[in-house]
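One structure below.
Both backbone and side-chain heavy atoms feed into the values below; hydrogens, waters and symmetry mates do not.
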Amino acid sequence: GRDALELVKSTLQEALLDAGCDAKTADTVAVLLEAGLREEAYQALTAHRKGLLAAVHEEQKKLACLDYLLYCLRNGQEAAHPW
């Protein structure tokens, strides 16, 4: 019934929030799925995933730079920008 549908929608939105979606994106995807627009929901989540992956890559660059600086400090070397 209606209560079961609300529970599924609530659980889905919670999963989307856990996946880093903001409330607007979570609501949009839930509405799209509720309307049976699976391809549109898939595209919205794919776009969100691309954004997350770009952020991960940016943080990886920062970690690599930090690791290099730590290595130089540990070994008494002059730090030069490695890239």
Side-chain angles (χ1 to χ4, degrees):
R2 185 97 178 124
D3 289 339
L5 181 60
E6 288 302 316
L7 180 61
V8 168
K9 188 174 178 183
S10 173
T11 302
L12 172 63
Q13 286 177 314
E14 185 177 327
L16 292 167
L17 293 172
D18 288 345
C21 291
D22 59 24
K24 182 180 176 188
T25 301
D27 287 341
T28 298
V29 171
V31 167
L32 288 169
L33 289 173
E34 191 174 356
L37 300 172
R38 295 176 63 90
E39 182 61 29
E40 289 82 352
Y42 182 88
Q43 293 301 323
L45 290 177
T46 299
H48 175 66
R49 186 183 188 285
K50 287 179 182 177
L52 285 177
L53 191 57
V56 166
H57 288 160
E58 189 60 36
E59 295 304 313
Q60 284 177 325
K61 287 180 189 176
K62 292 175 186 177
L63 282 171
C65 186
L66 182 58
D67 287 344
Y68 172 74
L69 293 171
L70 289 168
Y71 172 83
C72 289
L73 288 172
R74 171 70 40 121
N75 293 291
Q77 296 179 2
E78 189 73 25
H81 204 291
W83 43 86

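Heavy-atom minimum distance, Tyr71 versus Gln77: CE2-OE1, 3.6 Å. Across all their heavy atoms, Ala41 and Leu33 have their closest contact at CB-CD2, 3.6 Å. Between Leu52 and Ala19 the shortest heavy-atom distance is CD1-O, 3.3 Å.
At a threshold of 4.5 Å between non-hydrogen side-chain atoms, the residues Leu16 and Asp27 do not count as touching.
Summarising the geometry, atom CG belonging to Asp67 is positioned 12.0 Å from atom CZ belonging to Arg74; distances are rounded to the nearest 0.5 Å. With values rounded to the nearest 0.5 angstrom, Asp18 atom CG is found 12.0 Å from Gln13 atom CD. Put simply, CD on Gln43 and CG on Leu45 are 9.5 Å apart, with the number rounded to the nearest 0.5 Å. In this structure, OG1 on Thr28 lies 12.0 Å from NE2 on His48, to the nearest 0.5 angstrom.
Remark: Leu17 engages Ala26 in a side-chain contact (heavy atoms from CB on, under 4.5 Å) (not counting sequence neighbours).
Here salt bridge (Lys or Arg N to Asp or Glu O under 4.0 Å) pairs that include residues 40-60, with residues two or more places apart or in two chains, are Glu59-Lys62.
At least one donor-acceptor pair closer than 3.5 Å links the side chain of Thr46 to the backbone N or O of Tyr42.
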